[in-house]
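Report on one structure; see the data block that follows.
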Amino acid sequence: MNLSVTLRCCSAVGLFRNKSAVYLCRRLSDVPVSSSDDSPAEKPRRTRRAPGKASVLLFPGQGSQFVGMGKGLLKYGTVKEMFAVAEKVLGYDLLSLCLNGPEKDLVKTVHCQPAVFVCSLAAVERLNHENPAAIESCVTAAGFSVGEFAALVFSGAMNFAEALFAVKVRAEAMQMASDLISSGMLSVIGRPQANYKHACVQAREHCLSLGIQEPVCAIANYLFPDGRVIAGHKEALDFLQNHSRELNFMRTRLLPVSGAFHTALMEPAVEPLRDVLGKIEVRRPEISVHSNVDGKRYMHDKHIRNQLAKQLVSPVKWEQTLHEIYERAQGQDFPHTYEVGPGRQLGSTLQKCNMKAFKNYTHVDVVLP
């Protein structure tokens with residue numbers, strides 16, 4: 001299904017114009033939104049809030065999915081419509097896959113990225129129902145990898161249907177890039193003296209000795225102090241695991257993903273994503289949204305398009321992003337943080353990066369108890 005047909009289907013269902021983030025209308029009702037950042041008069045007005053009365057929303061990424069997510073959420077807001085639109089955009093019953101699996105299908109990149117995206121925004125609808133003040137007081141959002149798309153929808157920078165179509169194209173392109181070379185991702189927790197970049201150099205030299213041309217082994221995720229994800233050729237990751245003691249790695253674990261995401265091996269996926277991002281509407285976010293590429297706030301539509309494409313081949317600087325969001329003067333209050341979506345991985349990284357900020361953390365689950 002091409003983009004124009006997809007969007008006609010979505011419009012017919014009734015979610016074409018960002019209705020998944022209907023709670024953002026209060027920000028858009030009296031502020032003209034433009035894709036240009038040239039005129040100060042067109043910039044959205046931001047209400048300053050005391051840090052202790054503000055909130056931050058964090059959106060998880062691939063790997064947080066599990067069979068059963070979404071159970072009980074159809075009663076909230078536009079969740080039922082969101083899954084109806086998803087079926088039109090994706091061409092299969094995403095809700096059934098989330099609720100019933102099978103797991104071997106849900107974990108596939110082409111399925112789990114849209115699943116995490118939709119379920120995370122469904123969790124936002126739940127939060128809006130149970131604690132609307134948390135939505136009203138939100139000043140900042142960030143998402144891990146594909147979670148960035150959900151954060152941008154929440155911020156009003158994209159509408160739900162178009163963003164989901166972009167996620168679909170992104171997931172398919174990343175899956176195709178993964179199929180070209182045997183590769184993967186390795187979670188590493190190291191001792192303070194561990195040198196991750198030098199370890200990657202050694203792993204690449206090992207691959208060269210095996211006759212592998214242009215081997216890839218690089219840090220793909222900066223998670224927390226001494227917590228990294230390294231990605232690249234399978235042979236490089238085998239080397240790191242086999243020499244973990246000499247490299248001062250305390251723990252290594254292969255992640256259940258199909259490729260070396262956020263490294264040069266994803267280069268074939270960049271152009272398909274860049275192409276679709278050029279065809280959908282992107283606006284300046286109504287709240288601060290931070291980029292995985294450098295942790296900085298998105299400033300305008302071109303910035304968003306460029307960074308989302310660059311993100312595929314750049315490490316996710318999550319630790320740096322958390323420092324950007326939670327940096328404050330001594331004695332200043334921390335905002336309330338809500339992780340909206342499956343899993344608690346982002347809460348765990350926040351705890352390791354900033355214990356004071358973590359004290360105000362809440363997880364909004366995608367399953368009703």
Side-chain angles (χ1 to χ4, degrees), residues 20-21 23-24 49 51-52 54-66 69 112-113 115-128 130-131 133-158 163 167 221-224 227 229 262 285-298 307-308 311 315-328 333-367:
S20 70
Y23 32 76
L24 287 172
R49 295 180 179 272
S55 65
V56 173
L57 265 61
L58 303 179
F59 293 82
Q62 182 173 348
S64 61
Q65 73 281 341
F66 61 88
M69 63 182 186
C112 71
Q113 288 192 18
V116 170
F117 169 84
V118 175
C119 285
S120 294
L121 288 169
V124 173
E125 291 285 4
R126 177 182 180 179
L127 178 62
N128 188 48
E130 297 178 348
N131 185 5
I135 300 297
E136 179 64 34
S137 63
C138 184
V139 295
T140 301
F144 193 100
S145 192
V146 72
E148 214 165 86
F149 285 84
L152 287 164
V153 169
F154 172 73
S155 75
M158 296 178 175
V167 169
N221 303 160
Y222 292 84
L223 300 177
F224 50 84
V229 172
H262 305 292
E286 292 294 318
I287 58 174
S288 296
V289 179
H290 291 256
S291 167
N292 285 179
V293 173
D294 56 13
K296 305 296 184 182
R297 289 192 300 115
Y298 282 120
Q307 294 292 79
L308 286 179
Q311 186 217 73
V316 173
K317 294 186 175 177
W318 190 250
E319 181 181 353
Q320 295 87 331
T321 298
L322 294 181
H323 289 317
E324 285 281 336
I325 293 174
Y326 295 101
E327 183 180 9
R328 60 206 57 242
D333 292 335
F334 284 91
H336 296 275
T337 298
Y338 298 90
E339 181 173 359
V340 281
R344 298 172 181 263
Q345 292 93 328
L346 302 186
S348 178
T349 59
L350 178 59
Q351 184 178 22
K352 293 179 174 67
C353 289
N354 193 321
M355 177 58 79
K356 291 182 179 179
F358 178 73
K359 290 179 179 178
N360 291 336
Y361 165 85
T362 301
H363 177 231
V364 183
D365 204 351
V366 289
V367 175

Review point. Quick one: OG on Ser155 to CD on Glu148, what's the gap to the nearest 0.5 Å?
Key: 10.5 Å
Check your understanding: Do Phe59 and Phe154 have side chains that get closer than 4.5 Å, going by heavy atoms?
Key -> yes
Point to revise | Working for side chain to side chain contact (heavy atoms under 4.5 Å, CB included), residues Thr337 and Tyr326 | key: CA-CA 10 Å; Thr337 298; Tyr326 295 101; 2.6 Å; yes
Point to revise | From Leu121 atom CG to Phe149 atom CZ, the distance as rounded to the nearest 0.5 Å | key: 12.5 Å
Study note, to complete from the structure: Contacts of Ser145 meeting side chain to side chain donor-acceptor pair (under 3.5 Å) (sequence neighbours excluded), chain-then-number -> Arg170, His262
Review point. Of all heavy-atom pairs between Val139 and Ala54, which one has the smallest distance, and what is that distance?
Key: CG2-CB, 3.9 Å
Study note, to complete from the structure: Those residues at least two apart in sequence (or on a different chain) that pass side chain to side chain donor-acceptor pair (under 3.5 Å) with Asn221 are none
Study note, to complete from the structure: Result for side-chain contact (heavy atoms from CB on, under 4.5 Å) between Val340 and one of Val124, Asp365, Val366 points to Val124
Check your understanding: Would you say Glu130 has more than 12 foreign heavy atoms packed within less than 6.0 Å of its CD?
Key -> yes
Practice item. Output the distance between atom NE2 (His336) and atom CG (Asn131), rounded to the nearest 0.5 Å. Key: 9.0 Å
Check your understanding: Heavy atoms, side chains only, cut-off 4.5 Å: are Val289 and Arg297 in contact?
Key -> no
Revision key, fill the gap. Closest non-hydrogen contact found for Arg126 with Val367 is NH1-O, 3.4 Å
Exercise for review: Using a 4.5 Å cut-off on heavy atoms from C-beta on, say whether the side chain of Pro285 contacts that of Leu152.
Suggested key: yes
**Study point:** Test item: Ser137 and Ser55 side chains (from C-beta on) under 4.5 Å apart, heavy atoms
**Key:** yes
Review point. In a check of side-chain contact (heavy atoms from CB on, under 4.5 Å) between Tyr338 and each of Ile135, Leu57, Leu58, which one passes?
Key: Leu57
Practice item. Taking Ser120 for its side chain and Val116 for its backbone only, find out whether a donor-acceptor pair lies under 3.5 Å. Key: yes
Check your understanding: Between Leu322 and Tyr222, does a side chain to side chain contact (heavy atoms under 4.5 Å, CB included) hold up when you go through it step by step?
Key -> CA-CA 11 Å; Leu322 294 181; Tyr222 292 84; over 6 Å; no
**Study point:** Within-4.5 Å side-chain heavy-atom neighbours: Thr349 and Phe144
**Key:** no
Review point. Excluding sequence neighbours, so at least two apart, what forms side chain to side chain donor-acceptor pair (under 3.5 Å) with His290?
Key: none
Check your understanding: Taking all atoms of both residues into account, what is the closest heavy-atom pair of Cys353 and Glu319, and its distance?
Key -> SG-CG, 3.8 Å
Exercise for review: Identify the two heavy atoms, one from Ala163 and one from Val153, that lie closest to each other, and give their separation to 0.1 Å.
Suggested key: CB-CG2, 3.4 Å
Exercise for review: Just jot down the side chain to side chain donor-acceptor pair (under 3.5 Å) partners of Thr321, sequence neighbours excluded, or say none.
Suggested key: none
Review point. Between His363 and Gly343, what is the shortest heavy-atom contact and its length?
Key: NE2-O, 2.8 Å
Check your understanding: So how far is it from Asn128 CG to Cys138 SG, rounded to the nearest 0.5 Å?
Key -> 11.5 Å
Review point. Taking atom CZ of Phe117 and atom SG of Cys112, what is their separation to the nearest 0.5 Å?
Key: 14.0 Å
Check your understanding: Closest heavy-atom contact between Val293 and Lys317?
Key -> O-CD, 3.4 Å
Check your understanding: Are side-chain heavy atoms of Val56 and Phe334 found at a separation under 4.5 Å?
Key -> no
Exercise for review: Using side chain to side chain contact (heavy atoms under 4.5 Å, CB included) as the criterion, list what pairs up with Asp294, not counting sequence neighbours.
Suggested key: Ser291, Lys296, Gln307
Practice item. Enumerate the residue pairs fulfilling side-chain hydrogen bond (donor to acceptor under 3.5 Å, both in side chains) with a member in residues 353-362, sequence neighbours excluded, ordered by first and then second residue. Key: Glu339-Tyr361
Practice item. Taking the side chain as every heavy atom from C-beta outward, state whether Ile287 and Thr140 have any atom pair closer than 4.5 Å. Key: no
